[in-house]
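A short worksheet on the structure shown next.
Throughout, a chain's letter reflects where its sequence line sits, starting with A, and its residues are numbered from 1.
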Amino acid sequence: MNAQQMIEQAASIPLDERSRHLRRLVVEGLIGGGRGHIGSSMSLIEIVRVLYDDVMRFDPQNPRWSERDRFILSKGHGCLAQYAMLADHGFFPRQELATFCRSGTILGGHPEYGKVPGVEASTGALGHGLSIAVGMALAARIRKQTHRVFAVMGDGEINEGSVWEAAMAAGKHKLSNLVAMVDYNKIQSYGFTREVQDMEPLLDKWRAFNFAVTEINGHDVQALRDLFAGLPLDPERPMAVICHTVKGRGIPFAENKPEWHHKSNFDDETVKALYSALEA
Amino acid sequence: MRKTCLNMVYELAKRDERVVFVGSDLGPGVLDEMKHEMPDRFYMEGVAEQNIIGMAAGLAFEGFIPYVNTIATFITRRCYEQVAIDAGLHNLPIRLIGNGGGLVYAPLGPTHLAIEDMALMRSIPNMCVVSPTDADEMTRFMDETLDWPSPIYIRLGKGGDPIVSDGQPVKIGRANLLRAPGDVTFISTGVAVGRCLDAADLLARQGITAGVLNMHTVKPLDAEAVLSMAAQSSILVTVEEHVLINGLGSAVLEVLGDAGKMTRVLRLGLPDSFSCTYGSQNSMMSDLGLAPEEIARRAAEALRGPDQTTQPDAPGLQRNAGN
């Protein structure tokens, strides 16, 4: 399947009940906080779903377990997707989602280390997560530990020069225990990435930084499972996975709409429409 | 001082497996022994300061204590957000070693002069700021860094500076009194402490007693020592190789103001200006009124009364309008 087919298919695969359930959890947070990066969270769901459901080792009762796989949501503004997964896996009670962004909550508009069980680093300022992941992957190598480190970045985030500094380091150190993923939904805050700052040829960029590179339909649960079952892609190189996704996926009236990158102040009608879009 | 500091990193690494060294693109041969003896704890990562700080944070999250080293301007200005967020917000035990604090790189011009490094670092929550005065003090201070739970910015002098710290034990956040408080008491940090001791000798010849407090830790500041000096002196004179905005002098004023114990304070330091000349650290400090003679003259003048004080010419840092 070529990239164009993946992009088209990303929008067409029907969402199963698990994917709709997780999106409803995102909406719970969104409505609770009266705001949120909805488009950026919805495009991420299948990526985090497969990582948490099928790939990563972790223990919600012991979030600091030393053998756990590390997950860093470098695009911290997509945190509602991670919060949904963490709540669903019992890192904290589901009711917390409704406190999103409120005074006293543990669930801020960007994820915070030390507040949210299961969050490895505070992100939100873009372009930080991959460097931290590089340090964590190096630490695992020094200690001869076998866990992996996953970092998910946004396609606007990778405009940051620091991402490419981190990519140089990961390539230099041949960190095969590191997986860098890009949620390539092709829309950043202002508009379409191809107009704001086109990152193409994106696969070639990562390849040039000595990554083993692959692309995938980021909403295809089985394809993601199959990919991660074969880790590492290359025993001598870190891995970059370009995930073709759809911004706002699962909410038809929000899909591919730059204005749904972040939304606030939902009226009753919108709330109803959001839940209705995610019904079975 | 730099050599002593880096040698201490190696010594600490031999003692403690958590210690790792991360450099940018330092001179050839830096810490060669450590590199060969413990290659998995020595990293030279190239001219990529943002990544170096983030990578150090990743290592620190996993229980390591990274000692990160590059030129002071680059470890503070270039990667400020990484220092603030990755090191500061996470409150990780990263040690930032800045070569050439102040005017050390005078011949290299304003891109390399760390004139506001302490201001930048002091403003970051959780960050400790230390500016040892000589190589001996550096050795004693480095022992203290192993178990400090938070990030530390370590400002290095040029090296070969006179040993003036008098063998006193170093405790982070605890100032060392080198001369008992007098009519005037100098509060200083880094290599400027030595100049204050010389200035105190000059004042003594004029019959003016002068104390010298070595404030190696600029944050957390030893407020108790500042208030004690204020209570025992007619005037405090802060001396720093740093702009007067948000450096040691500012910190001293904050302590006095917060305690409601405003006393007379003369702040000596660098003007709010980029340099436009070269030369040496020594010549530039003299040009800017930080030679012992000038420090003594201005302290004596200030002691006589506020109406007697004059601003020094600062030829090194005056840019012509329109340039």
Side-chain angles (χ1 to χ4, degrees), chain A residues 63-72 74 76 108 110-115 119-145 147 149-151 153 160-173 175 177-178 180 209, chain B residues 13 16-25 34-35 38-68 70 74-75 78-94 124-126 149-151:
Chain A
R64 309 301 300 163
W65 174 45
S66 69
E67 304 301 314
R68 73 193 183 281
D69 290 317
R70 273 62 164 171
F71 174 80
I72 294 178
S74 193
H110 294 96
E112 269 195 76
Y113 168 76
K115 274 194 181 161
V119 166
E120 302 280 358
S122 300
T123 53
L126 296 175
H128 290 239
L130 190 58
S131 287
I132 293 172
V134 165
M136 288 178 168
L138 265 181
R141 174 184 289 176
I142 296 169
R143 295 214 170 104
K144 299 184 170 49
Q145 291 179 292
H147 61 260
V149 183
F150 298 87
M153 290 165 284
E160 291 280 9
S162 56
V163 169
W164 302 99
E165 286 188 11
M168 282 194 294
K172 165 190 164 178
H173 291 292
L175 294 173
N177 55 352
L178 174 69
F209 282 76
Chain B
D16 193 319
E17 289 192 341
R18 298 172 299 166
V19 172
V20 294
F21 177 79
V22 185
S24 60
D25 186 25
M34 179 176 176
K35 178 182 175 180
M38 38 189 92
D40 59 348
R41 289 196 280 147
F42 174 96
Y43 296 96
M44 193 65 72
E45 294 302 290
V47 191
E49 292 83 0
Q50 296 180 90
N51 179 61
I52 286 168
I53 303 298
M55 187 180 124
L59 287 161
F61 269 123
E62 299 294 336
F64 287 98
I65 307 172
Y67 287 74
V68 184
T70 187
F74 308 146
I75 210 169
R78 179 72 184 204
C79 44
Y80 193 64
E81 190 178 81
Q82 278 75 14
V83 172
I85 302 296
D86 300 351
L89 175 61
H90 295 127
N91 199 11
L92 293 171
I94 298 173
I124 296 174
N126 298 323
S150 301

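- Contacts with chain A were tallied for B/Asn91, B/Leu89, B/Leu59; B/Leu59 has the most, counting heavy-atom pairs under 4.5 Å.
- Taking 4.5 Å as the limit, some side-chain heavy atom of A/Ile132 sits within range of a side-chain heavy atom of B/His90.
- Interface remark: of the candidates A/Ala166, A/Ala139, A/Ser122, A/Ser122 forms the most heavy-atom pairs closer than 4.5 Å to chain B.
- Highest contact tally toward chain B, considering only A/Glu120, A/Arg143, A/Lys172, A/His173, is held by A/Arg143 [criterion: heavy-atom pairs under 4.5 Å].
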Next item on the list: Would you please test B/Ile52 and B/Tyr43 for side-chain contact (heavy atoms from CB on, under 4.5 Å) and show each step?
Entry: CA-CA 10 Å; B/Ile52 286 168; B/Tyr43 296 96; over 6 Å; no
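- Separation of atoms CD1 (B/Ile53) and CG (B/Leu92) is listed at 11.5 Å; rounding is to 0.5 Å.
- Heavy-atom pairs under 4.5 Å with chain B peak, among A/Ala125, A/Gly127, A/Ser162, A/Ala169, at A/Ser162.
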Item checked: Audit row: B/Val19, B/Met38, side-chain contact (heavy atoms from CB on, under 4.5 Å) steps and yes/no -> CA-CA 10 Å; B/Val19 172; B/Met38 38 189 92; over 6 Å; no
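- Between chain B and the options A/Ile72, A/Leu138, A/Val134, heavy-atom pairs under 4.5 Å are most frequent for A/Leu138.
- For A/Ala121, the parts lying under 4.5 angstrom from a heavy atom of chain B are both the backbone and the side chain.
- Between B/Ala60 and B/Ile94, the shortest heavy-atom contact is CB-CG1, 4.0 Å.
- Within the 4.5 angstrom heavy-atom criterion, no atom of B/Glu17 approaches chain A.
- Between chain B and the residues A/Met168, A/Gln145, A/Glu165, the largest count of heavy-atom pairs under 4.5 Å involves A/Glu165.
- Checked against a 6.0 Å centroid threshold, the rings of B/Phe21 and B/Phe42 count as neighbours.
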